[in-house]
Structures are given as C-alpha cells and as structure tokens.
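Here the structure comes first, spelled out in structure tokens, and everything after it is commentary.
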Amino acid sequence: LNTQSATGKFGTEIQFKQNPDQQVIDLQAQHYALVSDNFNGQKYQADNAKNQFEIHVKHQMMDVQRTDKVTETVRYQDNHGNMLHPASIQTKMFTEHGITDQVTGKTVWTPAKSQTMDAVSAPEITGYAPNKQSVPATSVNFGDKDINDVIVYAPVSEVANIKYIDDTTGKTLLDDQTTGDFGSQIKFDHDPVAQINQYENQGYKLVSNSYGKTAHQFSATQSENNFEVHFKHSTMPVSDTDKVTETIHYLGPDGNKLA
C-alpha cells in the first residue's frame with residue numbers, strides 16, 4: 001500500500017515523513033483492519049536490518065444477506081381474456097448470505113438453494129374446456145423473473161331442442177334442434193313465438209310452453225336446453241236440425257186407398 005524511508009543518526013528517534021500511527025488511522029478509515037505493527041517510535045540502530053519495519057493490515061469483511069421472491073401466477077381466461085376463475089398464485093422466498101469486502105465493496109454470495117413451484121391443475125369450469133390440463137412444476141432460483149401463465153378455456157358446444165306436440169293425437173308436430181357454444185343465445189330455425197302463432201292460426205290451442213317468451217342461453221345442463229310446447233285441438237259448440245215425417249195411408253180390402 002505504501003513504503004516510506006527516513007534517514008538519521010545512530011541513537012536518534014526515527015521519524016518518517018508520514019506518521020505511521022496516523023497512516024494506520026487513515027487505513028482504518030478506509031475499512032482496513034490492523035494485523036501487526038512493529039514500529040513503536042524506535043531509534044536508529046547500528047544494524048540497519050533492525051531499522052526495517054512493517055505494518056500489516058487486512059481488508060475488513062462484513063457478513064451480509066439479501067432476499068428475493070419469485071411469484072408464479074396462473075390465470076384462467078376465456079378466448080376474449082375475461083377472467084373465469086380466481087388466479088392461482090405461488091410465491092417462493094429466497095435468502096442469500098454473503099461476505100462483503102469493505103475495502104473493494106465487492107460481495108461474494110453463497111447461492112440459495114433452488115425451490116419448486118408446485119404443478120397447477122386446471123380447475124373445472126362449467127361449460128368450458130381448458131387448452132391444457134395443468135401447468136407443470138417448475139424449479140426457480142434467486143433472481144429469476146416472475147412466471148406468468150394462462151390457461152385458456154373455450155366454451156363447450158351444446159345442443160338445444162324444442163318439440164311442438166299435439167296432445168289431442170299424441171303426435172309431434174315439429175322437432176326443432178340447434179347447436180351453439182355454452183352461454184351463447186339459443187336460436188332455432190323456427191322462431192318459437194312465430195311457430196306458436198302459426199299453429200294457433202291453424203286451430204290449435206296452446207296448452208303449455210316451457211320455452212316461454214324470452215330468449216335462452218345454452219346451458220351445461222342438457223335438461224335446461226330441452227323445451228316442449230303442447231297444443232290441443234280447439235273445439236266450439238255447434239247445432240244441427242232435422243225433421244221426421246210420419247205418413248199413414250188407409251187402404252181398403254182390395255188394397256186401394258180409401259182416402
């Protein structure tokens with residue numbers, strides 16, 4: 001770090017230009033630690049080897065630690081980015097221990113052990129099917145970036161059916177079927193309201209209508225996609241007239257009419 005020399009007469013006190021004690025203080029201010037110092041204001045000796053001195057210092061070291069966290073977030077979304085289910089979040093905490101050289105400012109770290117994010121299974125969401133069944137387990141380390149993953153759910157194709165039934169004859173007048181994605185509006189080839197009006201104009205009387213007058217959406221429960229409209233034949237009272245005539249003929253013994 002520094003070498004200095006001085007000259008003087010035998011038996012006089014050795015004096016360096018820079019006071020060794022002050023130099024030690026200055027080095028300590030720079031985070032050096034004193035190891036040994038064999039100069040203590042000695043006087044010049046005849047043997048020059050005895051006029052050689054060394055001050056040993058070392059770098060002050062400090063134990064330090066740092067923390068980090070890595071988070072994995074798995075989101076469950078539909079094709080439009082809408083959240084269908086609360087996200088799954090896992091966080092792993094890391095602590096690394098190190099030694100900092102206070103002179104150089106450099107730190108040597110002991111790496112923290114790896115940790116593992118658990119595998120995440122896709123939850124069941126009514127009416128939807130996921131594009132993958134799970135996110136696999138993942139090993140993470142101190143300093144890794146956060147993990148963001150998305151499981152995308154597509155709506156399941158459903159079937160809807162509406163039957164128009166003649167209760168008088170027991171026959172099905174029309175069986176209308178359609179398909180569509182879960183949650184979308186059910187649209188039959190024949191509009192139920194218009195179809196009912198058509199049958200009523202043909203003389204049928206509406207008995208029951210499980211479809212109702214409002215639109216429906218495809219359900220994951222098949223029974224909720226099935227509808228029935230029942231009719232019976234309309235009747236009205238009528239009357240009819242008829243007459244019966246009785247005729248009596250009077251005949252003689254010879255068979256001829258008498259009157």
Side-chain angles (χ1 to χ4, degrees), residues 1-2 23-35 56-160 178-187 215-222 224-225:
L1 297 175
N2 185 22
Q23 282 202 302
V24 169
I25 292 173
D26 292 343
L27 289 170
Q28 288 174 329
Q30 299 173 41
H31 302 293
Y32 286 93
L34 179 64
V35 176
H56 288 259
V57 293
K58 65 179 181 179
H59 295 195
Q60 291 184 14
M61 311 300 283
M62 180 174 64
D63 291 333
V64 292
Q65 69 178 33
R66 61 183 180 180
T67 60
D68 187 29
K69 68 177 181 178
V70 180
T71 299
E72 179 188 74
T73 303
V74 180
R75 294 179 173 82
Y76 311 102
Q77 301 176 350
D78 65 14
N79 293 326
H80 304 290
N82 300 311
M83 296 293 292
L84 299 176
H85 189 280
S88 171
I89 300 175
Q90 297 182 69
T91 299
K92 300 299 182 183
M93 301 298 300
F94 295 89
T95 300
E96 284 192 340
H97 296 276
I99 298 177
T100 297
D101 185 324
Q102 292 189 279
V103 175
T104 65
K106 294 182 178 180
T107 301
V108 177
W109 295 100
T110 300
K113 291 183 178 180
S114 298
Q115 297 189 55
T116 300
M117 298 288 189
D118 295 334
V120 178
S121 298
E124 285 190 16
I125 299 179
T126 301
Y128 291 88
N131 65 339
K132 53 187 173 184
Q133 294 301 316
S134 65
V135 174
T138 305
S139 178
V140 292
N141 295 285
F142 185 103
D144 283 354
K145 292 182 178 180
D146 289 341
I147 300 170
N148 290 286
D149 208 332
V150 177
I151 296 179
V152 179
Y153 286 76
V156 175
S157 181
E158 305 288 353
V159 178
T178 187
T179 59
D181 290 340
F182 168 80
S184 64
Q185 184 175 335
I186 298 174
K187 293 182 179 180
H216 294 262
Q217 293 179 326
F218 283 99
S219 169
T221 303
Q222 185 57 47
E224 295 178 358
N225 296 327

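Note that the coordinates shown come from a computational prediction; the quantities given were computed from them, not determined experimentally. The analysis underlying the following values was restricted to heavy atoms, covering all of them including side chains, and did not include hydrogens, waters or symmetry mates.
- Formation of a donor-acceptor pair under 3.5 Å by the D68 side chain with backbone atoms of G143 is found in this model.
- For the pair D101 (side chain) and K106 (backbone), a donor-acceptor distance under 3.5 Å is absent.
- For the residue pair Q102 and H31, the shortest heavy atom distance occurs at O-CD2, 3.4 Å.
- Residues Y32 and V103 are in side-chain contact: their nearest non-hydrogen atoms beyond the backbone lie under 4.5 Å apart.
- Note that CD of Q28 and CD of Q60 are 7.5 Å apart. Values are rounded to the nearest 0.5 Å.
- Residues E72 and V120 have side chains in contact (heavy-atom distance under 4.5 Å, counting atoms from C-beta outward).
- For the pair N225 (side chain) and F218 (backbone), a donor-acceptor distance under 3.5 Å is absent.
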V24 vs V57, test: side-chain contact (heavy atoms from CB on, under 4.5 Å). Steps then yes/no. CA-CA 8 Å; V24 169; V57 293; 5.6 Å; no
Worked check of side-chain contact (heavy atoms from CB on, under 4.5 Å) between V70 and T91: CA-CA 6 Å; V70 180; T91 299; over 6 Å; no
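- Residues I147 and T73 have side chains not in contact (no heavy-atom distance under 4.5 Å, counting atoms from C-beta outward).
- Taking all atoms of both residues into account, the shortest heavy-atom contact from Y128 to D78 is CE2-CB, 4.4 Å.
- Of the inter-residue distances, the one linking T71 atom OG1 with M93 atom CE reads 8.5 Å to the nearest 0.5 angstrom.
- The side-chain heavy atoms of I186 and T178, taken from C-beta on, include a pair separated by under 4.5 Å.
- Side chain of T138 to backbone of P136: a donor-acceptor contact under 3.5 angstrom is found.
- With no hydrogens or angles considered, no side-chain donor-acceptor pair links S121 and S134 at under 3.5 Å.
- The environment of K132 atom NZ is dense: over 12 non-hydrogen atoms of other residues, nucleotides or ligands sit within 6.0 angstrom.
- Expressed to the nearest 0.5 Å, how far NZ of K58 lies from CG of L27 amounts to 14.5 Å.
- Under the 4.0 Å criterion applied to side-chain N and carboxylate O atoms, D144 and K92 are not assigned as salt-bridge partners.
- With hydrogens and angles disregarded, no donor-acceptor distance shorter than 3.5 Å links the side chain of Q185 to the backbone of Q217.
- Distance alone, capped at 3.5 Å, is enough to place a donor-acceptor pair between the Q90 side chain and the D118 backbone.
- Residues F142 and T67 come closest through the heavy atom pair CE1-C, 3.7 Å.
- In this structure the side chain of P155 reaches within 4.5 angstrom of the side chain of N79, judged on heavy atoms.
- Put simply, the side chain of W109 reaches to within 4.5 Å of the side chain of R66, judged on heavy atoms.
- Among all heavy-atom pairs drawn from A87 and R75, the shortest one is CB-CG, 4.1 Å.
- If you take CD1 on I125 and OH on Y153, they are separated by 4.0 Å, rounding to the nearest 0.5 Å.
- Of all non-hydrogen atoms in T116 and A137, the two that sit nearest each other are CG2-CB, 4.0 Å.
- Contact record, P130 with Q133: CG-NE2, 3.7 Å, taken as the closest heavy-atom pair.
- Here H59 contributes atom NE2 and I99 contributes atom CD1; the two are 14.0 Å apart, rounded to the nearest 0.5 Å.
- The line from CE of M61 to OG1 of T104 is 7.0 Å long, rounded to the nearest 0.5 Å.
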